[in-house]
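Computed from a predicted model, the values in this text were never measured in an experiment. Quick note on labels: first sequence line is chain A, next is B, and so on, each numbered from 1.
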Amino acid sequence: MKEYDHKKIELKWQKDWEKKKIFSAINGSKKPKFYALIEFPYLSGSGLHIGHIRSNTAMDIISRKRWMEGYNVMYPIGYDAFGLPTENYAIKTGKQPTIINKENTEMFRRQLKKIGFAFDWSRELNTANPAYYKWTQWIFLQMFKKGLAYKQKTMINWCPKDKIGLANEEVVNGKCERCGTETIKKEKEQWMLAITKYAERLDKDLDDVDYLERIKAQQRNWIGKSEGSEIEFKVKGDSQSVRVFTTRADTILGVTYVVLAPESVLVQNLKSQITNWNEVEKYIEKVKKESEQERTKEDKEKTGVELKGIKAINPANKEELPVWIADYVLASYGTGAVMAVPQHDSRDKEFAEKFNLSIIDRPLVDAEEITKRVGGKMVTKYKLRDWIFSRQRYWGEPIPLIHCDRCALNDPDGQGYIPVPDKDLPVVLPKVKSYTPTDTGESPLANISKWVNVKCPKCGGKARRETDTMPNWAGSSWYYLRYTDPKNKKEFASAKNLKYWTPVDWYNGGMEHTTLHLLYSRFWHKFLYDMKLVPTKEPYKKRTAHGMILAEDGEKMSKSRGNVVNPDEIVKLYGADTFRLYEMFIGPFDQTVTWNTNSIIGPRRFLEKVWKIGEKITTQKQINSSRLTLKGSDTTKNFSVSASFQTLLNKTIKKVSEDIESMSFNTAVSSMMVLVNEMEKQDVDKKDFKIFLQILAPFAPHITEELWNMLGEKQSINKSKWPKWDEKKIIDDKIKIAVQINGKVRTEIMVSKDMSEGEIKPLVLKDQKIISWMEGKEIKKFIYVPNRIINIVI
RNA sequence: GCCCGAGUGGCGGAACUGGUAUACGCGCACGACUUAAAAUCGUGUCUCGUAAGGGAUGUGGGUUCGAUUCCCACCUCGGGCACCA
C-alpha cells in the first residue's frame, strides 16, 4: 500500500495545473462568467497570514465549484504594495522599497502557490508597478478635472517628535503609530477627495446589493445620514442670525438657549457686541489647543462660556434666548450650532444643569409644519467627511499635478495646479537617498530638486511638482477593474472586458475594511460610472466577510507577542489539503475563531481515511454492481444497507452543495466526515467513491486529483461535472421516528416513508412501551408530523 | 448612549421552516495489535441515579402538543460608531 505522501502529491498537481493553465479565465467566453474576488494581500514583510488562507480558501472552494458547474471563472490575485509598513522597513534597513517590494512579492507568490489556490496567475498585478499606477494617477486626474479633488487647509494629526503629518489610520489611541508620541492637531494643506458628494448614493444604493446585513449596517452607520431641519434664530438687534440644524424641530418650544461651536465665524462677527470678549477669546484658545483625545475623553465635563450682550430669538415664539459657545458643539457637523432643548436632549440637559439654564417642558409641535412656518427648510446631513487623500510620504503614487505660480495668477479661481498631461503618465517615483520625511514634514520627494522643478505643461514657465503622494487606499480602489484587462496599455481596462466581467460576483474580505477600502472603492466606482467608464453602478454584487483567527492564547496574532502561526510549517508538516480543510472546519466562517494546532490532526486523519479507501478501491477488483455489500452479512441486510448508503450519499451531496453557497464550510466538512466514517465500514462502489471525491475536490484539491487519476480518469477532477443529488433518494424508505408522550421521547419506531396517520396510529398503540405509559390514561390528542415525529397528549 | 453579533459537554462546535439537543472533530478513559512505544483500530465519554426515571442550551417569564429555535424583560461577552444635535 502506498502511503499518503502529501508533499509529493501537492507539488505534482500544483505544477500540472499551472502547466495546463486549467484555471485561466477566458475573456468573452460564451459560458456564463463568474468573477470571484478576495482582498489582495498587503505586502508586509511577515508574509502570508493564516487569516489570508481562511478567506482565500473559501473563495477557492466557491471558484472550483463554479468551474465544475460549467462557469467561466475568474479568480485573480495581486498585491497591495504601497504604504507605510514597507516604507518604515526601508527607513530601518536602508533597503530600497522597490527591492523590498520585489522580495515580498516573490515570498507571497511562493506561499500562495503552496496552498494550491485556483488563481488565474496570468492576471497578477502589483499596485507599485508603474504600468499599474499610471492608471491610478490617471483616475485621480479625472477626479481633479471634475472638481472632486481639491486642496484645503485642514487640521491633521501631527507627530511632534517625527515632525510629520499622520493619516487618521496611522494614529493609534491618539498616539503616533511609529514612535508612540502623543499626536497634536496641526493645520496643514491637504489634498481632499469629495466622497461626501456621493454620500446619498453610497447610502441608498446599498439597497440594491447583496452584502451581509452587518456590512450594510456598518457602512450606513459610518455615512451617518440624518434628516432634520435648518432653522434661523435671529440675533436680537442685528442683521445676522444663528442657523441651527436639528432632527427634533418638534421640540422647538422647549428651547432655552442656543449654542455655537467655539470655532464659529459668527462669534468673530459678533465680537463688538460681546461684553465679555476676553473671557470668550480665552475659551476659544483653550479649545483650539485641546487634542482630539482630550476633547473626546469619556465622561468629560461640559464646558462653555456665555456670549454676554447677545440674545437670539426663537422664531417659533419670539422668546429671547441666551447664546453660548461650548466645545460639545462641533463646527464640522450640521451648521456648527444647535438649539438646546434640555428637556429632550441629555447633553443639553447636562449643560443646562451645570450652568443653571432653565429647563422647560413645552408641548410638541409638528416638525415639518413648524419648519415651514418659521422659514426653515428640511435638510439631510451626513457624518461622512471628505477623504484626506495626500500623504507626506515617499512610498506611494506621486500625485500627478504641477504647481505653476504664473497660471495661478492668471486664473484667480484655480489654485494653480496643472494636471500632468496623459502622455507624461505615469509620474514615476524617483529614487531617493533617504526615505525619512523632511524637517518641514514634507515628503522626501521635496528634496529632489531635479525631479521637483519642471516646466509648466500649460504655460511652459517655471513650475514645481506636487510632492505629496497618495494613500495606499488609492491603488486598491480600482484593482478589481484592472484584473479584467491587466496588460492594457491604452486604457485602465477595455470597455469590452469590463462589460463581460463586471460586476464582481462575489467579494469576500475582512470587516476591518468595511468603512475604508470597501467604501472608498464604491466611491471610485460610482465616479467612473458617472464618467461612463464602467458599465455598472456598483462594483460588487455580493460581499461577505470572514471572521478573524486568533492565536492559541486567544490574542491577536502579532510578532511582538510571538504567537504567530507560520503557514509554511503547517503546509510542510500536514500538507496544504489538511491545512485548507482545517481552516474550513475550525468554526463558523463569519465568526472569530481561535487557532488550535492540536486539532489539525482531525482533518489529517480524515484525509488518511479517504486515501485508504481510495487505495483499497484501486487495488481491489471491482465487483460490477452499483450496490454496496456489507462484509460477511446476508443478502437481506445487504439491500437495506445499500439503500441507506445511497440516502447518505445523496444527502451529503446536497448538504455540501448548499453549505458551500451559504459559506457553512464547517458543516460541509463534518457531513463529509460522516460519509467517510460510513464508507470505512463497507465496501464502497467505485462510482460512489468518485462522486464523493468530486464534492471533496474544492476543499482538498490535491489528494482528490491524485485519487481521481489513480482511478483511471485522464481529465482533471476540476473539469468534471459537479454531482447532482437525487431528491427522491434523500429520504430512506424505512425511517426511524420518535414517539413522544406529552412532549417527552418514550420510544422509537420504524415506519415506512410517507405513512399516513391512519396507518401509523394502530402501530404506535401496539408498542409495548407505549402501552405501559398509557395505562389508565386517555388520549387527548394524537399528533403526527410525517417522517418527523409522533406526540401523544394524555 | 447608538448599531451589529454571540452565550449549548473538558474544548472547537452541530441542530432544516418550531419536531429525538449535544452531529462532526479535538481531548480523555478502557481494550486490541506490539517486547515496548508511536501510529492504527474498537468501545465509552452532558449530568444526578444501581435502575426505573429526573434535570440541563446565560437568567426569569410567555406562546405551543412540542422551544437552542418565536415573543417580552434582563445579565454577560465580542465587534463597530460616538458630545453627530
Side-chain angles (χ1 to χ4, degrees), chain A residues 212-222 224-226 228-229 244-249 251 259 261 295-303 326-330 332-341 344-348 350-351 381-385 511-512 514-515 547-548 550 581-582 585-588 590-606 608-609 612 654-655 658 664 666-677 680 736-748 772 780-794:
Chain A
L212 281 188
E213 209 39 56
R214 63 192 167 122
I215 297 175
K216 285 192 188 184
Q218 207 166 304
Q219 282 209 349
R220 286 219 159 94
N221 198 25
W222 181 262
K225 182 176 179 172
S226 97
S229 318
V244 306
F245 172 66
T246 178
T247 53
R248 294 296 307 273
T251 64
V259 196
R295 189 164 169 168
T296 57
K297 206 162 53 189
E298 249 182 86
D299 52 80
K300 182 178 180 279
E301 274 233 14
K302 292 269 180 298
T303 60
D327 64 355
Y328 83 91
V329 173
L330 307 176
S332 51
Y333 185 76
T335 57
V338 303
M339 55 176 225
V341 189
H344 290 281
D345 185 286
S346 60
R347 291 154 307 180
D348 295 343
E350 199 190 317
F351 192 80
K381 299 278 180 191
Y382 303 90
K383 287 183 203 167
L384 188 69
R385 305 289 156 78
M511 276 309 282
E512 71 275 19
T514 303
T515 55
M548 260 196 309
L550 299 175
L581 218 44
Y582 172 65
F585 187 58
I586 189 168
D590 60 350
Q591 273 172 43
T592 303
V593 289
T594 310
W595 180 266
N596 183 353
T597 302
N598 285 337
S599 300
I600 301 174
I601 194 69
R604 172 72 196 198
R605 283 178 187 149
F606 166 72
E608 305 246 5
K609 285 182 198 172
K612 254 192 230 164
K654 182 178 183 191
K655 178 92 180 133
E658 289 174 352
S664 313
N666 54 332
T667 50
V669 174
S670 83
S671 71
M672 288 189 282
M673 285 174 168
V674 173
L675 183 68
V676 165
N677 289 344
E680 252 195 327
K736 191 165 70 178
I737 67 168
V739 182
Q740 298 183 330
I741 290 178
N742 289 344
K744 293 206 168 173
V745 179
R746 294 306 177 193
T747 190
E748 287 166 344
S772 64
K780 278 195 190 151
K781 214 170 179 182
F782 188 92
I783 295 149
Y784 169 56
V785 183
N787 307 330
R788 286 263 164 84
I789 206 162
I790 293 161
N791 191 11
I792 306 168
V793 186
I794 54 172

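Taking the C1' atoms as reference points, B:U69 lies 27 Å from B:G80, given to the whole Å. Nucleotides B:C33 and B:A38 have their P atoms positioned 15 Å apart, rounded to a whole Å. Only the P atoms considered, B:C26 is 15 Å distant from B:U43, to the nearest whole Å. One P atom belongs to B:G58, the other to B:G7, and the distance between them is 8 Å to the nearest Å. Comparing the P positions of B:C24 and B:G42 gives an interatomic distance of 13 Å, to the nearest angstrom. With both ends at atom P, the span from B:C3 to B:A73 equals 13 Å, rounded to whole Å. Using atom P as the reference point in both B:G54 and B:G1, the two lie 44 Å apart (nearest Å). For the P atom pair drawn from B:U57 and B:A51, the interatomic distance equals 23 Å after rounding to whole Å.
A:Asp590 CG to A:Met511 CE: the interatomic distance, rounded to the nearest 0.5 Å, is 10.0 Å. Here the straight-line distance linking atom OG1 of A:Thr514 with atom NZ of A:Lys216 works out to 13.5 Å at 0.5 Å rounding. Atom CD1 of A:Ile794 is separated from atom NZ of A:Lys780 by 9.5 Å, given to the nearest 0.5 angstrom.
Under the rule for a side-chain contact (heavy atoms from CB on, under 4.5 Å), the partners of A:Lys383 that lie at least two apart in sequence or sit in another chain are A:Tyr333. The side-chain contact (heavy atoms from CB on, under 4.5 Å) test applied to A:Glu658 returns A:Lys654, A:Trp725, not counting sequence neighbours. Judged as a side-chain hydrogen bond (donor to acceptor under 3.5 Å, both in side chains), and not counting sequence neighbours, the contacts of A:Arg604 are A:His6, A:Glu608. A search for salt bridge (Lys or Arg N to Asp or Glu O under 4.0 Å) contacts involving A:Arg220 returns A:Asp203, A:Asp207, not counting sequence neighbours. A:Gln740 is linked by a side-chain contact (heavy atoms from CB on, under 4.5 Å) to A:Val745, A:Ile789, A:Asn791, counting only residues two or more places apart in sequence or in another chain. Residues passing the ring pair (Phe, Tyr, Trp, His ring centres under 6.0 Å) test with A:Tyr582, sequence neighbours excluded: A:Trp595. Every residue meeting the side-chain contact (heavy atoms from CB on, under 4.5 Å) condition with A:Asp345, not counting sequence neighbours, appears here in chain and number order: A:Arg347, A:Asp348.
One atom, CD of A:Glu658, and another, P of B:C16, lie 13 Å apart when rounded to the nearest Å. In this structure, NZ of A:Lys612 is placed 5 Å from P of B:C41, rounded to the nearest angstrom. Per the geometry, CD belonging to A:Glu350 stands 13 Å off P belonging to B:G1, to the nearest Å. As a whole-Å value, the separation of A:Trp595 CH2 from B:G12 P is 17 Å. Atom-to-atom, OH of A:Tyr382 to P of B:A85 comes out at 13 Å; the value is rounded to the nearest Å. Going from atom CG of A:Asp590 over to atom P of B:G13 covers 11 Å, rounded to whole Å. Look at CD on A:Gln591: it is 11 Å from C1' on B:G7, rounded to the nearest Å. Here B:C83 presents its C1' atom at 19 Å from NE2 of A:His344, a figure rounded to the nearest Å.
Nucleic acid contact class of A:Arg214 (heavy atoms, under 4.0 Å, all strands): sugar-phosphate only. In this structure, A:Glu748 reaches the bases: a heavy-atom distance under 4.0 Å links it to at least one base atom across the strands shown. Residue contacts for A:Val785: at a heavy-atom cut-off of 4.0 Å it reaches a base atom on one of the strands shown. Among the protein residues, A:Thr335 comes within range of no part of the nucleic acid, since none of its heavy atoms lies under 4.0 Å from any strand. At a threshold of 4.0 angstrom between heavy atoms, the contacts of A:Lys381 with the nucleic acid are absent. Looking at heavy-atom distances under 4.0 Å, A:Asp348 makes no contact with the nucleic acid at all.
Listed nucleotides B:C81, B:U20, B:A6 differ in distance to A:Lys736; the shortest reach to its side chain belongs to B:U20. Comparing B:A23, B:A21, B:A85 by their closest approach to the side chain of A:Val745 singles out B:A21. Among the nucleotides B:C16, B:C4, B:G13, the one closest to the side chain of A:Pro588 is B:G13.
Mapped onto RNA chain B by nearest heavy atom, A:Val593 and A:Ser226 fall at different nucleotides, with A:Val593 at the one closer to the 5' end.
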Identify the pairs formed between an N or O of the protein and an N or O of nucleotides 25-32 of chain B at a distance under 3.5 Å, and give each distance.
unit_1: B:G25; atom_1: OP1; unit_2: A:Asn677; atom_2: ND2; d: 3.2
unit_1: B:C26; atom_1: OP1; unit_2: A:Arg605; atom_2: NH1; d: 2.5
unit_1: B:G27; atom_1: OP2; unit_2: A:Arg605; atom_2: NH1; d: 3.4

Would you tabulate the pairs of protein nitrogen or oxygen atoms and nucleotide nitrogen or oxygen atoms of nucleotides 42-45 of chain B closer than 3.5 angstrom?
none

Using a cutoff of under 3.5 Å, can you pull out all pairs of nitrogen or oxygen atoms linking the protein to nucleotides 63-66 of chain B, with atom names and distances?
unit_1: B:C65; atom_1: OP1; unit_2: A:Lys781; atom_2: NZ; d: 3.4
unit_1: B:C65; atom_1: O2'; unit_2: A:Asn791; atom_2: ND2; d: 3.3
unit_1: B:C65; atom_1: O2; unit_2: A:Asn791; atom_2: ND2; d: 2.5

Under 3.5 Å, which protein N or O atoms sit close to an N or O of nucleotides 52-55 of chain B? Give each pair with its distance.
unit_1: B:G54; atom_1: OP1; unit_2: A:Arg746; atom_2: NH2; d: 3.2
unit_1: B:G54; atom_1: OP2; unit_2: A:Arg746; atom_2: NH1; d: 3.0
unit_1: B:G55; atom_1: OP2; unit_2: A:Lys744; atom_2: NZ; d: 2.7

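Within the shown strands, nothing qualifies as a pairing partner of B:G66 under the Watson-Crick or G-U definition with both distances less than 3.5 Å. With a 3.5 Å ceiling on both atom-pair distances, the Watson-Crick or G-U wobble partner of B:C74 is B:G58.
For the OP1/OP2 pair of B:G80 and a distance below 4.0 Å, the side-chain nitrogens and oxygens of A:Thr514 include no atom meeting the criterion.
With a 6.0 Å cutoff to the six-membered ring centre and a 45° limit on the axis angle, A:Lys302 does not count as a cation-pi contact of A:Phe351.
No side-chain heavy atom of A:Phe245 sits less than 4.5 Å from a side-chain heavy atom of A:Val338. For the pair A:Thr246 and A:Met339, the minimum side-chain heavy-atom distance is below 4.5 Å.
Taking the syn range as angles within 90° of 0, the glycosidic angle of B:G9 is syn.
For B:C83, the base has a donor-acceptor partner in the side chain of A:Lys302 [N/O atoms by modelled type, under 3.5 angstrom].
No donor-acceptor pair under 3.5 Å is formed between the side chain of A:Thr247 and the backbone N or O of A:Gly228.
Within the structure, salt bridge (Lys or Arg N to Asp or Glu O under 4.0 Å) pairs that include any residue of residues 591-602 of chain A do not occur (at least two apart or interchain).
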